[in-house]
Amino acid sequence: MSGSKVRLNAVKAVTDFERSEGSVNYMDANPTEFFGENVFNLATMQDRLPKSVFKELKNVISTGAKLDSELSDIVASAMKDWAVEKGATHYTHVFYPLTGLTAEKHDSFLEPDGNGGALFEFSGKVLIQGEPDASSFPSGGIRATFEARGYTAWDVTSPAYLLENPNGTTLCIPTAFVSWTGEALDKKTPILRSQQALNKQAQRILTLFGHTDGAPVGSTAGAEQEYFLIDKNFYYARPDLLMAGRTLFGAASPKGQEFDDHYFGAIPERVLACMHEVERELFKLGVPATTRHNEVAPGQYEIAPIYEGTNVANDHQQLIMLTLKKVADRHGMACLMHEKPFAGLNGSGKHLNWSMGSSSQGNILDPGDTPHDNAQFLAFCAAVIRAVHKNAGLLRAVIASAGNDHRLGANEAPPAIISIFLGDQLTDVFAQIKKGGAKKSKKAGTLAVGVDSLPVLPRDAGDRNRTSPFAFTGNRFEFRAVGSNQSIAGPSVAINTIVADSLDFIATKLEKATKGDPKKLNRALQSVLKEIITEHGDVIFNGDGYSDAWHKEAENKRGLPNLRTTVDALPELTAKDTLALFKKHGVLSPREMKARQEVYAEQYCMNVAVEANVVLEMGRTTIFPASVRYQGELAVSAANLKAVGIEVDTDTLDKVTAHIKTLQDTLNELEDMLANVEGKTILKETEFYGRKVLPKMLEVREAADALEGYVADDLWPLPTYQEMLFIK
Ligand code: ADP
Ligand code: MG
């Protein structure tokens with residue numbers, strides 16, 4: 001009887017695994033001593049570059065000015081010396097293709113010296129620009145194969161770093177990836193463009209409020225990353241986890257997350273050892289990962305860094321994902337970043353905390369101390385409200401993926417309806433503005449009516465609302481609908497751009513109304529705020545986003561879109577207004593937007609197709625045989641008993657037989673379906689996969705999961721939910 005060998009071996013391997021306490025013990029490791037030691041940061045540059053060069057480079061970094069070739073040669077040489085001293089032999093231009101992954105192509109510093117030997121060389125030209133063989137990265141039609149060239153260009157504003165692997169160290173240079181025509185092929189380029197757009201419009205508003213220092217305004221991002229850790233032995237024994245990142249089969253465990261005992265419990269020691277090592281790696285890379293805790297589902301955890309400027313935060317986010325996977329592996333675990341690895345349990349998100357600020361203004365979404373500051377805060381806050389309401393469909397589209405669809409709308413993650421939670425106090429202030437001017441803040445104790453007839457707002461973070469996709473949390477917005485596996489680039493770019501557009505709208509009105517007279521500002525602002533809240537106030541919702549009542553109200557009374565799946569959401573990327581908006585602010589051209597839509601649609605179809613093929617394979621070669629063996633056992637035993645005159649109730653056999661039949665039928669139907677892919681365009685093809693293939697896969701799963709409830713445990717071939725989630 002060998003049916004369950006794989007599974008039983010896995011269970012044995014997990015229980016036998018020698019758990020170590022890990023290599024990082026905070027009793028003798030002081031993070032301040034190694035934080036940033038593998039980063040070519042400002043301090044290192046100052047150390048190693050001639051004074052004038054450092055000054056010039058610093059200027060380039062803070063203003064985004066052009067880097068001349070003489071300067072880049074000096075920087076490259078210093079960077080190489082530093083890297084080589086620390087053991088590097090290779091360098092790579094790191095870039096972020098549209099697949100959401102991190103791409104690297106390594107080259108050696110080694111060059112022949114002409115006398116039969118070799119030396120390490122690294123020129124400014126090589127630092128600044130690379131030409132990876134990029135034809136295999138999806139471009140959404142931007143690059144036909146005959147023009148397959150793509151260039152990587154050094155992003156001076158994100159520091160280079162060293163990635164240490166057991167067999168060598170590599171100098172990593174963050175880059176933007178563009179086609180030879182200059183069109184963006186990656187996720188970094190639009191971040192940089194959208195930061196510029198945001199800055200341009202924010203400066204206009206700040207100028208109206210008398211802040212003319214010009215310190216660049218940019219968005220900030222702090223992303224809370226949720227993930228699962230399970231033992232590697234289970235991972236390798238589940239083709240679905242290995243191929244698709246989520247379980248495509250699996251009956252619920254008798255105990256799930258209902259006791260909240262994992263959430264509030266202590267971090268298991270094996271996991272803590274892993275987390276410590278993750279942190280050490282990240283600290284060395286200058287990633288300020290400071291928060292860690294258990295999450296709701298058994299086996300689920302979270303890591304969150306301190307926020308940074310969006311561009312660097314995005315690079316660091318990618319490093320966090322890579323590091324988690326790499327280090328978990330060292331500890332005998334697999335890190336699952338899929339949005340829904342286990343049905344029936346909470347999935348994983350990546351809450352994107354978003355704000356904007358500058359060196360002179362600090363956090364612009366922090367309500368101020370004076371009525372004047374508050375007026376400015378309300379202007380920026382209103383811009384976000386307008387932006388989110390006008391572009392709800394777009395915001396849904398930028399978080400659309402095959403994985404995230406399983407999470408949005410379930411009673412664990414925010415619904416697919418994009419609304420804003422503002423908290424009672426701020427909602428009340430806007431309600432008063434709508435009526436004709438805010439005079440009072442709701443809490444009597446904190447009331448302070450200023451000359452501007454706008455109240456002083458208390459700096460209280462307000463209530464938390466875990467059901468809102470876009471929640472104001474006191475000094476920032478938290479976009480909670482982002483998926484755990486996703487890059488934060490897409491959502492960040494979208495928010496930056498739509499907010500820039502609303503700031504543009506507000507600035508234009510205010511400039512017109514004040515004509516340079518600051519005394520007219522308050523009245524003008526009152527009127528714009530009133531207009532915005534009247535037109536866009538429907539997007540504000542402080543109640544329970546999970547409730548049915550909200551779904552009805554959002555759709556019927558407020559007309560908010562409810563784009564349930566990626567299939568519904570992706571068309572939004574090329575809506576007429578969206579294309580115009582992204583073009584106007586110079587973030588993405590219509591061609592670039594369409595290319596992105598095409599790539600994301602392709603990714604969706606490929607993901608579902610792979611999953612469907614795994615369902616076929618596992619259904620036929622793993623679950624069906626085990627079930628039939630058990631069916632045989634039941635039949636033989638029934639026949640034997642009958643032969644000696646014992647009456648047998650064949651109820652179980654009949655049920656097993658019926659489920660086996662359903663399994664077989666639905667597998668055949670799925671196979672037929674996959675042999676005839678429908679859809680003339682890639683968007684039509686997403687409809688085929690989303691509306692036909694996925695439901696069919698679920699039918700197969702239902703039959704298989706039912707069989708798991710009957711088949712003898714010693715025959716069942718796949719590690720169960722119970723084993724994967726609870727044996728640590
Ligand atoms: P919670 O789980 O309670 O939402 P966490 O501490 O886990 O809070 O995460 C909050 C995240 O928000 C952190 O990454 C934090 O750095 C980030 N954050 C705080 N202020 C800002 C800001 N101004 N802009 C962007 N992100 C911010
Ligand atoms: Mg958190």
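This is a predicted model, so every value here is computed, not measured. In listed order, ligands and their atoms are each counted from 1.
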Novice: Do we see a donor-acceptor contact under 3.5 Å between the side chains of Gln257 and Asn346?
Specialist: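 Yes, because at least one side-chain N or O of Gln257 sits under 3.5 Å from a partner of the opposite role on Asn346.
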Novice: Can you list the ligand 1 atoms lying under 4.0 Å from a non-hydrogen atom of Gly222?
Specialist: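 The list of qualifying atoms is 14 (O), 25 (C), 26 (N).
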Novice: Hey, which atoms in ligand 1 end up nearer than 4.0 Å to a heavy atom of Ile306?
Specialist: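 Those qualifying, in numeric order: 16 (O).
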Novice: Can you find an N or O of Thr291 that's nearer than 3.5 Å to an N or O of ligand 1?
Specialist: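 It does not: no N or O of Thr291 is found under 3.5 Å from an N or O of ligand 1.
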Novice: So which bit of Asn363 gets within less than 4.0 Å of ligand 1, heavy atoms only: side chain, backbone, both or neither?
Specialist: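 For Asn363, the contact with ligand 1 is made by the side chain alone.
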Novice: Nearest to atom 11 (C) of ligand 1 by heavy atom, Leu352, Asn353, Asp366: which?
Specialist: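 Of the listed residues, Asn353 has the closest heavy atom.
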Novice: Under 3.5 Å, N or O to N or O, is His293 touching ligand 1 that way?
Specialist: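 N/O-N/O distance below 3.5 Å does not exist for this pair.
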Novice: Between Asp186 and Thr189, do the side chains contain an N or O donor and an N or O acceptor separated by less than 3.5 Å?
Specialist: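 The criterion, which ignores hydrogens and geometry beyond distance, is satisfied for Thr189 and Asp186.
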Novice: For Lys390, look at atom NZ and say whether over 12 heavy atoms of other residues, nucleotides or ligands are found less than 6.0 Å away.
Specialist: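 Atom NZ in Lys390 is not crowded, with 12 or fewer foreign heavy atoms closer than 6.0 Å.
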Novice: Do we see a donor-acceptor contact under 3.5 Å between the side chains of Gln195 and Ser219?
Specialist: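 Yes, side-chain donor-acceptor contact under 3.5 Å.
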Novice: Verify whether one side chain among Asp538 and His389 offers a donor that lies under 3.5 Å from an acceptor in the other.
Specialist: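 No - no donor-acceptor pair under 3.5 Å links their side chains.
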Novice: Which of the numbered atoms in ligand 1 are under 4.0 angstrom from any heavy atom belonging to Glu478?
Specialist: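 Reading through ligand 1 atom by atom, the close ones are 4 (O).
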Novice: Quick one about Glu281 and Thr323 (side-chain donor to acceptor, distance below 3.5 Å, no hydrogens or angles considered), yes or no?
Specialist: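 Per modelled atom types, Thr323 and Glu281 side chains form no pair under 3.5 Å.
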Novice: Could you tell me whether Trp354 and ligand 1 have an N or O pair separated by under 3.5 Å?
Specialist: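 In fact, backbone or side chain, Trp354 has no N or O that close.
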Novice: With atoms numbered from 1 as shown, which atoms in ligand 1 lie under 4.0 angstrom from a non-hydrogen atom of Glu302?
Specialist: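 In order of numbering, the contacting atoms are 7 (O).
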Novice: At a 4.0 Å threshold, what atoms of ligand 1 neighbour a non-hydrogen atom of Pro305?
Specialist: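 Ligand 1 atoms under the 4.0 Å threshold to Pro305: 13 (C), 14 (O), 16 (O).
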Novice: Using 4.0 Å as the upper bound for N to carboxylate O, is an ion pair formed by Arg396 and Glu572?
Specialist: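 The answer is no: the pair does not qualify as a salt bridge.
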